[in-house]
Amino acid sequence: KMEVKKISQPDIGELIEKLDFVDGIEDNLKSPNSGKGRWIQECSIASSKDASLIVVGRRRHLVIASHSDGWKLNSVNDEQAESDLITQVNIIPLSHHTLSYCIIVGYESGHIRIFNPAGVLLVVQKFHQGPVLKLITRTLHGVVEDVMVLFPDSIIAAVTGLSLSAAVIVAQNASTRSSDPNLTASPLTYTPPSASQAATITYRKWHLFGAEEVSDAVFVPPHGDSIDPCSGRVIAAGRNPVLSFYSVTEEQNSSLSVAAAIASTVATKLTSAVVSLAKTWWWGSSQSSDEIFAKEKEKAQKEKEEAAMEPSVSLSIRWSINDSQRQINTIAAAPDVNLAAATDAFGRILLIDTKACCVVRMWKGYREAQCGWLLQGETMYLVIHAPRRTTVEIWRIRHGGKVGSQSVGSGCRLIYATSSCYLLDRSGYLHQIRVR
């Protein structure tokens, strides 16, 4: 049997009311209008696997609810991102004794910012010039393995969990030392990182060539019994084709070509700065040479940062599934990444075998569906929230039947966190979905 049970938590409605909904939003949790609960769809929301950490982002506002000795609500005020708009939030599990989770936030400017659960800014990075569309994380044994950042024009930046974790832990330790009253005499002080410190996280950037539009993606690591055992795989969901399968080899993972491109660009810009300064000395200028050199150096540094974002490796489609009349909006990988569930614009849900690169099952009549996965013991279940039907269903995978269906009311939102699923209702209450 299935169960949708309200769990102990902070009032998410109170959390949401901490956000400034004045600009462009007429309804809120207390509004009697028919639009009540619309905030759920307008926010980006993430939860940890055990729901001990919940993050909500909308426009310029980020709110964190954490639970240790009772629930604590924290509204984050990031001065560096004051004029930047939040597009995505996610929670990343770490394996460190001082930090179990960090929060990754994507912005319209293309920046990502990583915070600890207390709301302290740890890392700033910019991979590409364009808004962050998706933050896709893959975990193994409760620890992050990799993070993919999806941008427009079929661009993906991929970060290994090891690289991200190392940068976050170093910044967290620096932050802890700076706040320790016993270390006030130490010359070490912590200041929030800036975008110029992006080199602290290494990454790969791929252009998914041949896809007209990519709306979501998953990464499948190399697997011995797959049809291409030596390569990892990116599965892109979108339009023309609706599903694209790309192989990622070690050669394509290499950052040597990227480094060479950056070095060449930087050298060109520095040469340009020197030539500009020489012209100033020869022809004269109302500005001092120091001022001119400082400006040229600043310009070269800015162009260096921009150049570091530009190089990407083009991946070609190995296999694809096309349907010119349809578009897939979302794809959610199972905890073992051997299966994935994709939803399209016409109410179909496709069950994909990521190793064989084929569709093994299909459900119809689920418009605007949201999918997640449950792993209980050795059994895998697919969770389907059908907003049009106002129900949550659980199906045994791969070819099993429906375990159960429960009415949940309108205006709810499914939150998938690794191998757990939660339902957030429009009144702000969180419910755990499970099989019992």
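Quick caveat: nothing in here was measured; it's all calculated off a predicted structure.
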(request) Give, for atom CD1 of Ile91 and atom OG of Ser48, the distance between the pair rounded to the nearest 0.5 Å. (result) 5.5 Å
(request) Using a 4.5 Å cut-off on heavy atoms from C-beta on, say whether the side chain of Ser247 contacts that of Leu315. (result) no
(request) Hey, could you give me the CD1/OH distance between Ile45 and Tyr422, rounded to the nearest 0.5 Å? (result) 14.5 Å
(message) Just by distance, no angles: are the side chains of Glu393 and Tyr366 close enough, under 3.5 Å, to form a donor-acceptor pair?
(response) yes
(message) Minimum heavy-atom separation for Cys371 and Ala332, please, with both atom names.
(response) O-CB, 4.1 Å
(request) Flag the pair Arg348 / Asp323 as yes when at least one side-chain heavy-atom distance between them is below 4.5 Å, and no otherwise. (result) yes
(request) Apply the test side chain to side chain contact (heavy atoms under 4.5 Å, CB included) to residues Asp336 and Met380: give CA-CA distance (whole Å), side-chain angles for both, the deciding distance (0.1 Å), then the verdict. (result) CA-CA 10 Å; Asp336 61 4; Met380 190 83 68; 3.7 Å; yes
(message) For a 4.5 angstrom cut-off between non-hydrogen side-chain atoms, does Leu414 reach Ile433?
(response) yes
(request) Determine the minimum heavy-atom distance between Arg58 and Glu42, stating which atoms define it. (result) CG-O, 3.7 Å
(message) Please give me the minimum heavy-atom distance between Phe219 and Val337, naming the atom from each residue.
(response) O-CG1, 3.5 Å
(request) Spell out, as yes or no, whether a donor-acceptor pair under 3.5 Å connects the side chain of Ser163 to the backbone of Thr202. (result) yes
(message) Do Ser410 and Thr390 pair up side chain to side chain, a donor and an acceptor below 3.5 Å, judged on atom types alone?
(response) no
(message) Regarding Ser320 and Asn322, do their side chains bring together a donor and an acceptor under 3.5 Å, going by distance alone?
(response) no
(message) If you define the side chain from C-beta out and look only at heavy atoms, does anything of Asp344 sit under 4.5 Å from Val242?
(response) no
(message) Looking at Lys6 and Asp425, is there a salt bridge between them, counting it only when a charged N and a carboxylate O are closer than 4.0 Å?
(response) no
(request) Check whether any side-chain N or O of Arg388 sits under 3.5 Å from a backbone N or O of Glu368 as a donor-acceptor pair, and report yes or no. (result) no
(message) Given 3.5 Å as the limit, does a donor-acceptor pair link the side chain of Asp84 with the main chain of Tyr107, or not?
(response) no
(request) Decide side chain to side chain contact (heavy atoms under 4.5 Å, CB included) for Val392 and Cys412; before the verdict, give the C-alpha distance in whole Å, the side-chain angles of both, and the deciding distance to 0.1 Å. (result) CA-CA 10 Å; Val392 169; Cys412 296; over 6 Å; no
(request) Mind checking the CD1-OG1 spacing from Ile112 to Thr87? Nearest 0.5 Å is all I need. (result) 11.0 Å
(message) Any heavy-atom pair between the side chains of His128 and Tyr203 that's under 4.5 Å?
(response) no
(message) Keeping Ser165 on the side-chain end and Gly161 on the backbone end, is there a donor-acceptor pair under 3.5 Å?
(response) yes
(request) Check whether any side-chain N or O of Tyr246 sits under 3.5 Å from a backbone N or O of Ser314 as a donor-acceptor pair, and report yes or no. (result) no
(message) I need the single residue from Leu121, Leu62, Leu122 that forms a side chain to side chain contact (heavy atoms under 4.5 Å, CB included) with Arg113. Which is it?
(response) Leu121
(request) Identify the heavy atoms of Pro335 and Trp373 that sit nearest to each other, and give their distance. (result) CD-CB, 3.7 Å
(request) Would you please test Thr379 and Tyr381 for side chain to side chain contact (heavy atoms under 4.5 Å, CB included) and show each step? (result) CA-CA 7 Å; Thr379 307; Tyr381 300 94; 3.4 Å; yes
(message) Any heavy-atom pair between the side chains of Leu53 and Ile64 that's under 4.5 Å?
(response) yes
(request) Look at the side chain of Arg389 and the backbone N and O of Gly365, then say whether any donor-acceptor pair between them is shorter than 3.5 Å. (result) yes
(request) Check whether any side-chain N or O of Arg413 sits under 3.5 Å from a backbone N or O of Cys43 as a donor-acceptor pair, and report yes or no. (result) yes
(message) Under the criterion side chain to side chain contact (heavy atoms under 4.5 Å, CB included), I'd like the reasoning laid out for Leu164 against Ile114: C-alpha separation, chi angles, the key distance, then a yes or no.
(response) CA-CA 10 Å; Leu164 185 143; Ile114 300 177; 4.0 Å; yes
(message) Rounded at 0.5 Å granularity, tell me how far CD1 in Ile136 sits from CD1 in Ile331.
(response) 9.5 Å
(request) Looking only at non-hydrogen atoms, find the nearest pair between Arg398 and Leu351 and report the distance. (result) O-CD2, 3.9 Å
(message) Would you call the rings of Trp319 and Phe245 parallel, tilted or perpendicular, taking 30° and 60° as the class edges?
(response) perpendicular
(message) Determine whether a donor-acceptor pair (N or O, by modelled atom type, separation under 3.5 Å) exists between the side chain of Ser215 and the backbone of Ala237.
(response) yes
(request) May I ask you to test the Arg204-Val313 pair for a side-chain heavy-atom distance under 4.5 Å? (result) no
(request) Take atom CG of Leu162 as the centre, draw a 6.0 Å sphere, and report whether it contains more than 12 heavy atoms from other residues, nucleotides or ligands. (result) no
(message) I'd like to know if the side chain of Gln376 and the backbone of Val435 have a donor-acceptor N/O pair within less than 3.5 Å.
(response) yes
(request) Compare all side-chain heavy atoms of Thr139 with those of Lys49 and state whether any distance is below 4.5 angstrom. (result) no
(message) Within this structure, what is the CD1-SG distance for the pair Ile415 and Cys421, rounded to the nearest 0.5 Å?
(response) 10.0 Å
(request) Would you name the heavy atoms of Ala211 and Ser244 that are closest together and state the gap between them? (result) CB-OG, 4.2 Å
(request) Please answer whether the main-chain N or O of Ala342 pairs with a side-chain N or O of Thr330 as donor and acceptor at a distance below 3.5 Å. (result) no
(message) Test: side chain to side chain donor-acceptor pair (under 3.5 Å). Region: residues 143-160. Which pairs qualify, not counting sequence neighbours?
(response) Arg138-Asp146
(message) With rounding to the nearest 0.5 angstrom, report the OG to CG distance, Ser175 to Asn116.
(response) 6.0 Å
